[in-house]
Amino acid sequence: QVQLVESGGGLVQPGGSLRLSCAASGIILSTNVMGWYRQAPGKQRELVARITSTGSTMYADSLKGRFTISRDNARNTVDLQMSSLKPEDTAVYYCKREPTGLRQAAWGQGTQVTVSS
């Protein structure tokens with residue numbers, strides 16, 4: 001079965017940076033469309049970034065220039081580099097295998113990111 005495990009979250013001051021990692025098992029991550037999502041308290045889960053099997057990327061408009069999604073094929077991970085963090089970036093961040101073609105969706109358990117002084 002597909003298993004996704006996020007790591008790298010924590011407490012960071014405004015303006016700081018964090019790198020999140022999503023480790024995949026049960027799939028070859030590079031052959032999938034992968035996404036990062038986040039959910040703040042009391043709000044709907046929203047798409048942060050997505051990367052396809054060909055390496056094409058897309059981002060939420062509000063996050064362009066601050067967040068970068070990438071793959072590490074040797075480690076079978078998809079990563080999210082976050083820079084210039086703001087308090088409004090505080091959320092639980094989730095990794096997802098997108099349901100493309102006959103592939104089923106799969107979610108990680110999430111990792112907490114808190115941006116605060």
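Atoms considered below: every heavy atom in the structure, side chains included; atoms not considered: hydrogens, waters and symmetry mates.
Remark: side-chain polar atoms of Thr52 are not paired, donor with acceptor, to backbone N or O of Val33 under 3.5 angstrom. The backbone N or O of Ser84 sits less than 3.5 Å from a side-chain atom of Arg66, completing a donor-acceptor pair. When atom types are taken as modelled, the side chain of Asp72 and the backbone of Thr77 share no donor-acceptor pair closer than 3.5 angstrom. With hydrogens and angles ignored, the 3.5 Å screen pairs no side-chain donor or acceptor of Thr90 with any backbone N or O of Thr114. Counting only distance, with no hydrogens or angles, the side chain of Gln81 and the backbone of Ile69 share no donor-acceptor pair below 3.5 Å. No donor-acceptor pair under 3.5 Å is formed between the side chain of Asn76 and the backbone N or O of Asn73. Panel note: side chain Glu6, backbone Cys95; a donor-acceptor pair is recorded below 3.5 Å. No donor-acceptor distance shorter than 3.5 angstrom exists from the side chain of Gln13 to the backbone of Val115, with no hydrogens or angles considered.
Ionic pairing of Asp79 and Arg19 is present here: one or more N-O contacts between side-chain nitrogen and carboxylate oxygen are shorter than 4.0 angstrom.
Between the side chains of Arg38 and Tyr93, a donor-acceptor pair is found at a separation under 3.5 Å. If you check the side chains of Ser21 and Arg75, you find a donor sitting under 3.5 Å from an acceptor.
In Glu88, the CD atom is crowded: over 12 heavy atoms of neighbouring residues, nucleotides or ligands sit closer than 6.0 Å.
Aromatic pair Trp107/Tyr37: ring centres closer than 6.0 Å.
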